[in-house]
Each structure stands twice: as structure tokens, then as C-alpha cells.
Amino acid sequence: MPTPLGHTLTGVIIHTIIRKKRKKKQSCQSWMCLLFCIIFSSLPDIDFISLSNSSNGFLLPGVGLSWENHHGPTHSLGFVILTMLVVMVVARIFQKNWKQWGFISGLCVFCHVFMDTLIVKKGLMLFYPLSTHRISLVTGFPFGYSPEMGFVGFVVISAVEEAIILGCILAIVWRIMR
Ligand SMILES: [Zn+2]
């Protein structure tokens, strides 16, 4: 998995690009837009939240964190479209730039799904709800997992790799988009 650090950096990269591309749009220049990009770049991992009675209650009574449903329907192109539609409707109620916010939210969620497709061995149901067939583009690099690492070791190594790779991409994009 890309860790939360990887998804956060992806959100920052997306914001850096759209901020430059949409210079005239004041709404893309704000901290709110940056926060929006970071939140939507991590949104598919909302499936970590479990509402079952057997939940560990980590967050609230009856609401906990669980791997059980992770990499399910929220990691699909169907969820990308659903997110865009919901954001467009909500944005339209509150302001004019509904197309822009819909596009940005869709781009952020799509990047999350794409990145996970590269590292989730069991694959993702990309075409859910049309198909539950899992598709994986795992190459083993750069986020390869081996059992000897242990879970914590894997997360730490992944975070370091993401910090280096995505940090370099961010630095390059930042310089180009200045
Ligand atoms: Zn994910």
C-alpha cells in the first residue's frame, strides 16, 4: 500500500499542478484547496472504518478500524465517478465552480486507486459495480513486500520510499510550476 504519507504527498503534487494551471481561479490558490486535495487523495481508505458490532471501537463505540473491507468498492473507477457526482452536486449548491471541484476530487481519488493498483497484490475491483474481477499491476518495485520484512518494517520502508520518490516528483513539479 502507499502509506498515508504517499497519498498525502500525491494530494500536494496534484494541488501544485492545478494551482498553476488554474492561476485565475482564486479558489485553487487557497489552503482550503490544498486540504481538499489531501483529503480526497486519501478518501478511498475510508474503507478502513468498520461499523460492525464486532468492531474494536477504536474510534467510537461500535466504530473501529479493520482490514476486513480494505481495498473493496471504494478502490474502483465506480467510486471515482460517484465521488465526482457527489462533489459536483454539493459544490453546485454552495458555489459556481462545481465542475472544477468535481474534476479535482475525481483526479485525486483516481490517483489513489491507480497507485494502489501498482502495489496491492490481490488487485482491486477497478470496474466495480460492473465487475468484481480484481486487477493488479504489481511489479514488485518500488513497494515490494516480502514476509521477512514484517508489517511494521514494510510500512516504514514503504513510507521512506514514498518520501524519496514522491518528494523528488514534488520538488520537480514545484520548480516547473513556480
Ligand atoms: Zn487505498
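Counting starts at 1 for both ligands and their atoms, following the listed order. Everything numeric in this text was worked out from a predicted model, so none of it was measured. FYI, the numbering just counts along the sequence from 1.
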Visitor: Could you tell me if the side chain of Ser158 sits less than 4.5 Å from the side chain of Ile119, heavy atoms only?
Guide: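 No - every pair of side-chain heavy atoms lies 4.5 Å or more apart.
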Visitor: Using a 4.5 Å cut-off on heavy atoms from C-beta on, say whether the side chain of Leu166 contacts that of Glu161.
Guide: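 Glu161 vs Leu166: side chains apart.
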Visitor: Of all the N, O or S atoms in Asp116, which one sits nearest to the Zn ion (ligand 1)?
Guide: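 Within Asp116, restricted to N, O or S, the Zn ion (ligand 1) is closest to atom OD2.
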Visitor: Can you see which heavy atom on Asp45 is nearest to which on Asp116, and at what distance?
Guide: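 Smallest interatomic distance, heavy atoms only, reads OD1-OD2, 4.1 Å.
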Visitor: Just wondering, more than 12 heavy atoms not from Ile93 lying within 6.0 Å of its CD1?
Guide: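 For Ile93, atom CD1 is crowded (more than 12 foreign heavy atoms under 6.0 Å).
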Visitor: Suppose we only allow N, O or S atoms; which atom of Asp45 ends up nearest to the Zn ion (ligand 1)?
Guide: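 Checking each N, O and S atom of Asp45, the shortest distance to the Zn ion (ligand 1) belongs to OD1.
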Visitor: Using a cut-off of strictly less than 2.8 Å, determine whether His7 has an N/O/S atom near the Zn ion (ligand 1).
Guide: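 So His7 does not count as coordinating the Zn ion (ligand 1).
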Visitor: Confirm or rule out an N/O/S atom of His112, from backbone or side chain, lying less than 2.8 Å from the Zn ion (ligand 1).
Guide: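 For His112, the answer is yes, given that an N, O or S atom comes within less than 2.8 Å of the Zn ion (ligand 1).
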